[in-house]
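Okay, structure first, notes after.
Model, not experiment: these values are computed from the prediction.
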Amino acid sequence: MTMASSKKKLEGLVAATITPMTENGEINFSVIGQYVDYLVEEQGVKSIFVNGTTGEGLSLSISERRQVAEEWVTKGRNKLDQVVIHVGALSLKESQELAKHAAEIGADGIAVIAPFFLKPWNKDVLINFLKEVAAAAPALPFYYYHIPALTGIKIRAEELLDGIQDKIPTFQGLKFSDTDLLDFGQCVDQNQQRQFAFLFGVDEQLLSALVMGATGAVGSTYNYLGKKANQMLEAFEQKDFSSALNYQFCIQRFINFVVKLAKGCKAEPAKGRDT
């Protein structure tokens, strides 16, 4: 058994953390400790996904990404169950550097998005990239972050998972941020003998993914709707599908409101990088 496979399985709700900024667009490290307490105490969320899409990781410098990761690991120690760091980058060397750093600071896992400028043109090319990154942190569980709407890479997750542990021994699961439930369902169906984490990333469709066999979820709304989403998970676990559906509709109403609101306004540049 590898060190990575002996670690606790990532499951349940995982908050994709926001990177707090000052008015000048600098990272506001001072509030991360309070952020951890809020997630645990108010939302019942004890695992996090750092420097992903919500955290604007790809808009931060490598130095900033390292500092953000360190702060979350430090402040989350003895409070959070798992801190997974997204280390994907367009540069293989930078991604490897971030992966190695995540291991050094005591992160619980790493995740990698596919490089999306000079795109891998088939499964083998993509797996080779992921393999090289994973090898930089051989003791850490490795997760593939599948988000084709942003990467433009249409390689199906089901195809990618076929035989992936032979190439990447530390592979532990998938963050699936896509609405293709056929692909997601087949990821689960074709890998039932493996103890993979199937983490769904489309918050407004989580109940559908639970029916398909999702073992957890990574999303931005769990920062502030974690309590409600946890109630949905509990209802689903108890086979109270009517209540679970009501909780999902409640979450959808909130997200729908935010989506409509966002169409009428533009975020201020001082509040983040991706504007």
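With hydrogens and angles ignored, the 3.5 Å screen pairs a side-chain donor or acceptor of Glu64 with a backbone N or O of Ser61. A donor-acceptor pair is defined here as one N or O able to donate and one able to accept, closer than 3.5 Å; no such pair exists between the side chain of Thr221 and the backbone of Leu225. With hydrogens and angles ignored, the 3.5 Å screen pairs no side-chain donor or acceptor of Asn51 with any backbone N or O of Ile85. Side-chain N or O atoms of Ser220 include none that pairs as donor or acceptor with a backbone N or O of Thr54 at under 3.5 Å.
No side-chain heavy atom of His146 sits under 4.5 Å from any side-chain heavy atom of Ser177. Counting heavy atoms from C-beta outward, Asn191 and Phe198 have side chains that approach closer than 4.5 Å. Side-chain contact between Lys9 and Gln195 is present, with heavy atoms from C-beta onward closer than 4.5 Å. Phe236 places a side-chain heavy atom less than 4.5 Å from the side chain of Val211. Contact of the Leu199 side chain with the Phe176 side chain is not registered, since no non-hydrogen atoms from C-beta on lie closer than 4.5 Å. Counting heavy atoms from C-beta outward, Val40 and Leu80 have side chains that approach closer than 4.5 Å. No side-chain heavy atom of Tyr247 sits under 4.5 Å from any side-chain heavy atom of Leu207. The side-chain heavy atoms of Leu13 and Ser47, taken from C-beta on, include no pair separated by under 4.5 Å.
Taking the charged nitrogens against the carboxylate oxygens, Arg66 and Glu97 do have a contact shorter than 4.0 Å, which makes a salt bridge. Of the charged side-chain nitrogens involved, at least one lies within less than 4.0 Å of a carboxylate oxygen, so that Arg156 and Glu158 count as a salt-bridged pair.
Lys131 contributes atom NZ, which lies 7.0 Å from atom NZ of Lys167 (distance to the nearest 0.5 angstrom). Summarising the geometry, atom CG belonging to Leu182 is positioned 8.0 Å from atom CE belonging to Met212; distances are rounded to the nearest 0.5 Å. Of the inter-residue distances, the one linking Asp240 atom CG with Gln231 atom CD reads 11.5 Å to the nearest 0.5 angstrom. Atom-to-atom distance recorded for Glu159:CD and Cys187:SG is 10.5 Å, nearest 0.5 angstrom. In this structure, Lys100 NZ and Ile105 CD1 are separated by 13.5 Å, a value rounded to the nearest 0.5 Å.
Relative to the six-membered ring of Phe49, Lys175 meets both conditions, a distance below 6.0 Å and an angle of at most 45° to the axis.
Cluster membership for Ile62 and Leu90, using ILVMFWY side-chain heavy atoms within less than 4.5 angstrom, is not shared. Cluster membership check: Val133 shares its hydrophobic cluster with Leu60, using side-chain heavy-atom separations under 4.5 Å among Ile, Leu, Val, Met, Phe, Trp and Tyr.
Under a 4.5 Å side-chain heavy-atom criterion applied to ILVMFWY residues, the cluster that includes Trp121 comprises Val125 as well.
A ring-centre distance under 6.0 Å is found for Phe200 and Phe184.
Between Ile153 and Ala114 the shortest heavy-atom distance is CD1-CB, 3.3 Å.
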Tyr143 and Phe171: ring pair (Phe, Tyr, Trp, His ring centres under 6.0 Å), yes or no, with the steps? CA-CA 6 Å; Tyr143 302 90; Phe171 181 83; 7.6 Å; no
Mind running side chain to side chain donor-acceptor pair (under 3.5 Å) on Asp189 and Gln192 for me, showing each step along the way? CA-CA 6 Å; Asp189 184 38; Gln192 290 187 24; 3.2 Å; yes
